[in-house]
S.K.: 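Provided herewith is a single structure, encoded as structure tokens, for subsequent inquiry.
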Amino acid sequence: MEKYEIVPVPTRILTHHDDICDAILEFGKDKIGPDDVVCAAESVVAITQGRALRCEEFHPGFLAKTLSHLFPSKGSISSWYSMQALIDAEGGARVLWAVICGFAAKCVGVSGTFYRMAGEQARLIDDITGTMPPYDKHVVYGPSEPARVAEAITRACGCYGAAIADVNDLKRSAVLGVSKGVDADKVAEILIDNPFGNGSEKTPICIIKNYRKA
């Protein structure tokens, strides 16, 4: 989407003590115009909501230890702790049934069944990745009520709209919540090259300039 200018917004490390709206205004207010869409990385929104927990806070049981081995080592629920986080969020019976159905579906060439059946957090949980100090030893749940957060950002910033996005360097781009008038699929396409930097870059916010005009 070359016609859109994307402006990353550097910040300090944001924590559970921060409010995402206040942080955006503190670091990006002078860059935001009335026709712009402000985008925030979903993991950072979740952290400001207090949804990042240290692995020591989880107590993996037999089910988590067993099921975690069924997923690729680079996957977000391949560790005991992230699998236990999913079980805590969605329920053990649901996760187990999703694994069984997912395996059966793969046998006939259908993929993605587990993630459709295991609940929203199966797609959103971030495992202990070591890429976002001081949260490099945490499991991060997906953000709560992302559409509501997007509306709050829009009101606070006086911009056209806002989006909460989950984007990575593997050309995976998903928008979890948008404010009224913003096309989630279009924003996901605009962000496909991942302008965010949640680690040492400290740019968890970006602005799509003149979105309404374009």
Side-chain angles (χ1 to χ4, degrees), residues 16 20 39-132 135-150 163-178 184-185 187-189 191-192 194 196 198-199 204:
H16 61 285
I20 191 63
C39 304
E42 56 90 20
S43 56
V44 173
V45 172
I47 285 170
T48 62
Q49 294 176 329
R51 294 176 63 79
L53 300 176
R54 289 189 62 85
C55 58
E56 293 89 346
E57 297 181 61
F58 297 97
H59 304 284
F62 175 78
L63 186 61
K65 293 177 180 179
T66 302
L67 295 183
S68 62
H69 291 297
L70 303 178
F71 293 83
S73 59
K74 292 184 178 180
S76 292
I77 50 173
S78 61
S79 77
W80 292 0
Y81 304 103
S82 55
M83 180 58 76
Q84 187 61 53
L86 176 60
I87 290 170
D88 291 347
E90 305 291 356
R94 180 176 187 175
V95 174
L96 178 59
W97 182 239
V99 168
I100 294 169
C101 293
F103 175 78
K106 276 199 171 183
C107 290
V108 295
V110 178
S111 61
T113 299
F114 169 81
Y115 292 97
R116 288 191 291 271
M117 295 185 62
E120 182 181 44
Q121 291 301 324
R123 300 185 297 274
L124 298 181
I125 285 174
D126 284 335
D127 197 6
I128 304 162
T129 62
T131 59
M132 197 189 302
Y135 294 98
D136 50 349
K137 299 296 187 291
H138 290 64
V139 173
V140 183
Y141 283 104
S144 175
E145 299 184 88
R148 181 189 62 78
V149 176
I164 311 303
D166 180 11
V167 187
N168 64 28
D169 293 330
L170 302 176
K171 300 290 185 179
R172 179 186 179 276
S173 179
V175 172
L176 310 183
V178 294
D185 291 335
V187 170
E189 187 177 358
L191 299 177
I192 194 68
N194 192 13
F196 295 112
N198 298 341

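Because the structure is predicted, anything quoted here is derived from the model rather than measured.
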S.K.: Could you tell me whether a side-chain N or O of Glu42 sits under 3.5 Å from a main-chain N or O of Gly142, the two making a donor and an acceptor?
M.R.: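 Flag not set: sc Glu42 to bb Gly142 has no pair under 3.5 Å.
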S.K.: For Ile47 versus Ala52, what's the shortest heavy-atom pair and its separation?
M.R.: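 What the structure gives for the nearest pair is CG1-CB, 4.0 Å.
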S.K.: Would you say Pro60 and Met83 make side-chain contact, with heavy atoms under 4.5 Å?
M.R.: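 Contact flag for Pro60/Met83 side chains = no.
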S.K.: Is a side-chain donor or acceptor of Ser78 paired with a backbone partner of Ser73 at a separation under 3.5 angstrom?
M.R.: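 Pair found, side chain donor or acceptor close to backbone of Ser73.
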S.K.: Below 4.5 Å, heavy atoms only, C-beta onward: do Ile77 and Asp127 meet side chain to side chain?
M.R.: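 No, too far: nothing below the 4.5 Å cut-off.
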S.K.: Between Val45 and Ala40, what is the shortest heavy-atom contact and its length?
M.R.: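 Scanning both residues completely, I find the closest heavy atoms to be CG2-CB, 3.7 Å.
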S.K.: So, taking the atom named NE2 in His69 and the one named OG in Ser79, what distance separates them when rounded to the nearest 0.5 Å?
M.R.: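 Interatomic distance, His69 NE2 to Ser79 OG, rounded to 0.5 Å: 10.5 Å.
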S.K.: Would the distance check show the side chain of Tyr141 and the main-chain N or O of Ala89 forming a donor-acceptor pair, the cut-off being under 3.5 Å?
M.R.: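 Side chain of Tyr141 to backbone of Ala89: no pair is present.
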S.K.: Going through the checks in order, is the salt bridge (Lys or Arg N to Asp or Glu O under 4.0 Å) test met by Asp166 and Arg172?
M.R.: CA-CA 8 Å; Asp166 180 11; Arg172 179 186 179 276; 2.9 Å; yes
S.K.: Side chains of Tyr81 and Glu56: closer than 4.5 Å at any heavy-atom pair?
M.R.: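 With C-beta onward as the side chain, the pair stays apart.
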S.K.: Check whether any side-chain N or O of Ser82 sits under 3.5 Å from a backbone N or O of Ser76 as a donor-acceptor pair, and report yes or no.
M.R.: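 Between the backbone of Ser76 and the side chain of Ser82 there is a qualifying donor-acceptor contact (under 3.5 Å).
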S.K.: Using only atom types and a distance under 3.5 Å, with no angle test, would you say the side chain of Ser173 pairs donor to acceptor with the backbone of Ala188?
M.R.: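 Between the backbone of Ala188 and the side chain of Ser173 there is a qualifying donor-acceptor contact (under 3.5 Å).
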S.K.: I need the single residue from Val178, Val175, Leu176 that forms a side-chain contact (heavy atoms from CB on, under 4.5 Å) with Pro146. Which is it?
M.R.: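 One option only clears the test, and that one is Leu176.
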S.K.: Please determine whether side chain to side chain contact (heavy atoms under 4.5 Å, CB included) holds for the pair Val167 and Ile192, giving the CA-CA distance in whole Å, both sets of side-chain angles, and the decisive distance to 0.1 Å.
M.R.: CA-CA 7 Å; Val167 187; Ile192 194 68; over 6 Å; no
S.K.: Do the side chains of Leu96 and Leu63 get nearer than 4.5 Å, heavy atoms only?
M.R.: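 Result yes, sub-4.5 Å side-chain heavy-atom pair found.
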S.K.: Spell out, as yes or no, whether a donor-acceptor pair under 3.5 Å connects the side chain of Glu90 to the backbone of Ala122.
M.R.: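 Side chain of Glu90 to backbone of Ala122: no pair is present.
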S.K.: So, for Cys39 and Leu191, which heavy atoms are closest and what is the spacing to 0.1 Å?
M.R.: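 Smallest interatomic distance, heavy atoms only, reads SG-CD1, 4.1 Å.
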S.K.: Short question: side chain of Glu57, backbone of Arg54 - any donor-acceptor pair under 3.5 Å?
M.R.: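 Yes; judged by distance alone, with no hydrogens or angles, the pair exists.
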S.K.: What closest approach, in Å, do Val149 and Gln49 show between heavy atoms, and which atom pair accounts for it?
M.R.: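 Smallest heavy-atom distance, with atoms named: CG2-NE2, 3.6 Å.
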S.K.: Determine, stepwise, if the pair Tyr135 / His16 fulfils side-chain hydrogen bond (donor to acceptor under 3.5 Å, both in side chains).
M.R.: CA-CA 10 Å; Tyr135 294 98; His16 61 285; 3.3 Å; yes
S.K.: Is the shortest heavy-atom distance from the side chain of Asp126 to the side chain of Val139 under 4.5 Å?
M.R.: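 No, too far: nothing below the 4.5 Å cut-off.
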S.K.: Which atom names give the shortest non-hydrogen contact between Ala150 and Gly177, and what distance separates them?
M.R.: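 Minimum heavy-atom contact is CB-O, 4.1 Å.
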S.K.: Take atom OH in Tyr115; do more than 12 heavy atoms of anything else shown fall under 6.0 Å from it?
M.R.: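 Above 12, so yes.
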S.K.: Considering all heavy atoms of both residues, which atom of Leu70 and which atom of Val99 are nearest to each other, and what is their separation?
M.R.: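 For Leu70 and Val99, the tightest heavy-atom pair comes out as CD1-CG1, 3.8 Å.
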S.K.: Kindly say whether the aromatic ring centers of Phe103 and Phe114 come within a distance under 6.0 Å.
M.R.: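 That pair fails the under 6.0 Å test.
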